[in-house]
2 protein chains.
Amino acid sequence: MTTLKRDTYTPDSLLQVAVQVFNERGYDGTSMEHLAKAAGISKSSIYHHVSGKEELLRRAVNRALEGLFGILDEPQAREGRAADRLEYVVRRMVEVLIAELPYVTLLLRVRGNTGTERWALERRREFDHRVAELLKNAAAEGDVRGDVEVRLATRLVFGMINSIVEWYRPDGRTGARREVADAVVQLVLTGLRG
Amino acid sequence: MTTLKRDTYTPDSLLQVAVQVFNERGYDGTSMEHLAKAAGISKSSIYHHVSGKEELLRRAVNRALEGLFGILDEPQAREGRAADRLEYVVRRMVEVLIAELPYVTLLLRVRGNTGTERWALERRREFDHRVAELLKNAAAEGDVRGDVEVRLATRLVFGMINSIVEWYRPDGRTGARREVADAVVQLVLTGLRG
DNA sequence: CCTTGTCCCGACCGATCGTTCGGTTACTCT
DNA sequence: AGAGTAACCGAACGATCGGTCGGGACAAGG
C-alpha cells in the first residue's frame with residue numbers, strides 16, 4: 001500500500017515550512033537555524049531531506065513558475081479574440097497567485113544573486129513577454145486604447161496583479177478570490193478599453 | 001568659504017553608492033565588503049562616515065518617506081474635491097517615486113527583521129492609510145464607482161504605482177516621467193470612475 | 001536475533017558576517 | 001615648524017553563516 005500517514009517530513013512538507021519563513025524574513029535573511037527552529041528539527045536533519053538552502057528556493061520558484069506557465073496552455077488562453085484571451089489570463093493569474101501564494105511571493109522577490117535566482121528571473125521575463133504579446137495583439141485588433149504604450153501598460157498591469165502577494169491573506173470567505181479577480185479585471189480592462 | 005569639491009566621501013555620497021548596491025543584491029544579501037568594493041574604499045573606512053550598515057538603511061528609507069509624506073502637505077493635495085486631490089496625489093507619487101527611485105525602491109522592499117525596518121513599515125502603512133482616506137472621500141462624493149471595495153482598490157492602485165520601481169530606469173528623454181504618470185492616472189482613474 | 005534503512009541529532013568545519021582597533025597619511029590652521 | 005584633524009587602511013574580533021560528519025534510536029523484513 002502507498003504510505004498515507006505523514007508524521008515525518010518529506011521534501012515537500014519541509015518546503016512548505018521553509019517558504020513561509022523565507023517570505024517572513026527574506027531568503028537571504030533566513031538562516032538554516034531559523035528553518036530548523038520553525039520545522040522543529042535540528043539544522044543537520046534538514047540535509048536528510050534536501051541538498052541545502054538553494055534547493056528549497058529552486059523547488060519553490062519552480063512550483064510558482066509551473067502554475068503561471070500552466071495558464072498559457074489552457075484552451076481559453078489559446079483560442080478566441082486576443083482581448084478575451086487577455087482577460088482570461090489576467091483572471092487566472094490572480095487565481096494562481098492566490099492558490100500558490102507563498103511560492104509566487106518568493107518568486108517575485110528573487111534578486112539574482114545566485115544561479116537559481118537568475119534562472120527564475122529569466123523564466124519570469126519569458127512569462128511576462130508571452131502576456132505582453134497578448135496585449136499587443138488585442139491592441140492590433142482594436143480592442144484596447146492606443147494612446148498608452150503597450151510595453152508600459154503591460155508593466156503596470158503586471159505590477160497591479162503581482163502586488164496582490166503583498167497584502168492578500170487567505171480567510172474563511174469563499175469567493176474572496178473571485179472578488180479580487182473581478183476587481184483587477186474591472187480596474188485594468190476598463191482602464192485599458194476606455 | 002563653503003567646501004565645494006567632493007573628492008572625498010560624505011555620509012550622503014556614500015549613501016548613494018550603498019543604496020545602489022542594496023537594490024542590486026538586497027539589503028541582507030549585501031555585505032560591508034560589497035559596499036567597500038563598490039565605494040572604492042576599505043571596509044573599515046565606511047565606519048568613519050556612518051555608524052554602520054543599519055544607519056545607511058535608516059537614512060535611505062527616511063529620505064524616501066520624507067518625499068512621499070511631503071506630497072500630502074502640498075496645497076493641491078489638501079484643497080478641492082477629493083477626486084481631484086486623489087488624482088494629484090497619484091500623479092505626484094509617480095513623480096516622487098521616479099525622482100527618488102533608489103531610495104523608494106529600498107523602502108518598498110523592507111521586510112521587518114530589525115527595528116529600523118519595522119519603523120519603516122509602520123510609516124508606510126500610515127501613508128497608505130492617508131491615501132486610502134482620500135479614495136474613501138472621493139467615493140462618498142460619488143466620483144468613483146461603488147462596486148469595488150475602497151480598501152481593495154487602494155491596494156491595487158498602490159500596487160500598480162509601487163511596481164514602477166521594478167522596471168523604471170532613467171533615460172535621457174525629458175517627459176518620460178510625465179508619460180508614466182499620465183499612463184498610471186489614465187489606467188487607474190478611468191478604471192475607478194468607469 | 002540481526003541486518004538494513006529512515007530519520008534525526010550534537011559537534012564541528014572553514015568561511016564570512018558586521019564591527020572595532022591602532023595606526024598612517026595628508027591637508028589645514030596658527 | 002608644529003598641532004590638530006579628516007580620511008583612510010590592514011589586521012583582527014566574536015558571532016554566525018551554510019554545510020559535513022559519525023553515530024544513535026527505531027521500525028521493518030529476513
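Only heavy atoms go into these numbers, but all of them, side chains included; no hydrogens, no water, no symmetry mates. Just so it is clear: chains get the letters A, B, ... in the order the sequence lines come, proteins before strands, and each one is counted from 1. No experiment lies behind these values; they were computed from the predicted model shown.
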Less than 4.0 angstrom from a charged side-chain N to a carboxylate O is my criterion; do A:R111 and A:E117 meet it? no
Between A:R155 and A:D128, does any side-chain N to carboxylate O distance fall below 4.0 Å? no
Does the distance from a Lys or Arg side-chain N to an Asp or Glu carboxylate O, for B:R59 and B:E55, drop under 4.0 Å? yes
Should A:S42 be listed as having a side-chain N or O under 4.0 Å from OP1 or OP2 of C:dC9? yes
So, using side chain to side chain donor-acceptor pair (under 3.5 Å) as the criterion, who are the partners of A:T114 when residues are at least two apart? A:E54
Once base and sugar-phosphate atoms are separated, protein heavy atoms under 4.0 Å mark nucleotides 12-26 of chain D, 5' to 3', with B, S and - as B----SBBBB-----
Figure out the CG/P separation between B:D7 and C:dA26, and round it to whole Å. 14 Å
Write down the atom of A:E24, the atom of B:N113, and the distance for their closest heavy-atom approach. O-OD1, 4.0 Å
Between P on D:dC8 and CD1 on B:I41, what's the gap in Å once rounded to a whole number? 5 Å
Would B:R178 and B:E95 pass as an ion pair if we require N to O under 4.0 Å? no
Nearest-Å distance for atom pair NE2/P, residues B:H48 and D:dC9: 11 Å
With a 4.0 Å cutoff (strictly under), does any side-chain N or O of A:S45 reach OP1 or OP2 of C:dC9? yes
